[in-house]
Amino acid sequence: MANQIDDSRPIFVQIAERIEDDIIEGGLPEETQVPSTNQFAAFYGINPATAAKGVNMLVDEEILYKKRGIGMFVAAGAKAKLMEKRKEQFYEQYVITMIREAEKLGITTDQLTEMIHKRG
């Protein structure tokens with residue numbers, strides 16, 4: 001994880017996304033312990049409550065779970081759940097936007113498909 005914080009978005013959201021990225025990329029396998037909120041706070045130079053808010057977001061989404069007295073762990077099935085979430089976000093943010101722009105420009109579905117294949 002890079003320790004750069006983007007001032008344009010809430011820090012707790014960025015913490016949650018970085019944990020998600022580490023899970024998706026295999027850096028945090030399922031059933032392994034994640035760093036503590038104090039470790040996140042020290043690493044990023046932020047308030048521990050802010051780090052906790054990001055971690056708790058993932059607990060609410062059942063990506064992480066707490067073992068009392070031990071810490072937070074990656075839940076079984078977390079990677080698959082995150083992949084589905086990210087695919088849906090990709091579809092909404094990029095595919096739908098691309099299709100709408102193509103429609104405005106008069107690009108047909110066949111032309112759009114050809115453009116995508118040209119790159120791939």
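Worth saying up front: this structure is predicted, and the values here are computed from it rather than measured. Because only heavy atoms are used, hydrogens play no part in the values below, and waters and symmetry mates are left out as well, while side chains stay in.
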Ignoring hydrogens and geometry, is there a side-chain-to-backbone donor-acceptor pair from Glu31 to Ala75 under 3.5 Å?
no
Student check: side-chain heavy atoms of Leu82 and Asp21 closer than 4.5 Å
no
Measure across Pro35 and Phe40 and return the closest heavy-atom pair with its distance rounded to 0.1 Å.
O-CE1, 3.3 Å
Counting C-beta onward and ignoring hydrogens, is there a side-chain heavy-atom pair between Arg86 and Met83 closer than 4.5 Å?
no
Quick one: CD on Glu17 to CG on Leu58, what's the gap to the nearest 0.5 Å?
9.5 Å
Do you know which two heavy atoms are closest between Ala102 and Leu112, and how far apart they sit?
CB-CD2, 4.1 Å
Taking C-beta and beyond as the side chain, do Met115 and Ile107 meet within less than 4.5 Å on heavy atoms?
yes
Distance from Ile96 atom CD1 to Met98 atom CE, nearest 0.5 Å?
9.0 Å
Is Phe12 reachable from Val55 through a run of I, L, V, M, F, W or Y residues, each pair having side-chain heavy atoms under 4.5 Å apart?
no
Is the closest basic N to carboxylate O distance between Glu101 and Lys104 below 4.0 Å?
yes
Heavy-atom pair with the smallest gap, counting every atom of Ala16 and Gly54
CB-O, 3.6 Å
Any side-chain heavy-atom pair from Met72 and Asn56 closer than 4.5 angstrom?
yes
Where is the tightest heavy-atom contact between Lys67 and Phe73, given as atom of each residue plus distance?
CD-CE1, 3.5 Å
Would you please test Tyr44 and Gln39 for side-chain hydrogen bond (donor to acceptor under 3.5 Å, both in side chains) and show each step?
CA-CA 9 Å; Tyr44 292 108; Gln39 289 171 310; over 6 Å; no
Salt bridge or not for Lys81 and Glu61, using N-O below 4.0 Å?
no
Are more than 12 heavy atoms from other residues, nucleotides or ligands located less than 6.0 Å from atom OH of Tyr91?
no
Shared hydrophobic cluster, Leu64 / Ile70 (ILVMFWY, side-chain heavy atoms < 4.5 Å)
no
Is the number of heavy atoms from other residues, nucleotides or ligands within 6.0 Å of CD (Glu114) greater than 12?
no
Does a salt bridge link Glu30 with Lys79, judged by any charged N lying under 4.0 Å from a carboxylate O?
no
Hey, any chance Ile11 and Val59 share a hydrophobic cluster, counting ILVMFWY side chains that come within less than 4.5 Å of each other, even indirectly?
yes
First locate atom CD1 of Ile15, then atom CZ of Phe43, and finally report the distance between them rounded to the nearest 0.5 Å.
9.5 Å
For the residue pair Val74 and Tyr65, what are the closest heavy atoms and their distance?
O-CE2, 3.5 Å
In Å, rounded to the nearest 0.5 Å, how long is the span from CG of Asp22 to CD1 of Ile19?
8.0 Å
Quick one: CG on Asn47 to NZ on Lys53, what's the gap to the nearest 0.5 Å?
11.0 Å
Greater than 12 external heavy atoms within 6.0 Å of Lys66's NZ
no
State whether the side chain of Thr50 and the backbone N or O of Ile46 hold a donor-acceptor pair below 3.5 Å, judged by distance alone.
no
Over all heavy atoms of both residues, which pair between Thr97 and Gln93 is shortest? Give the atoms and the distance, please.
OG1-O, 2.8 Å
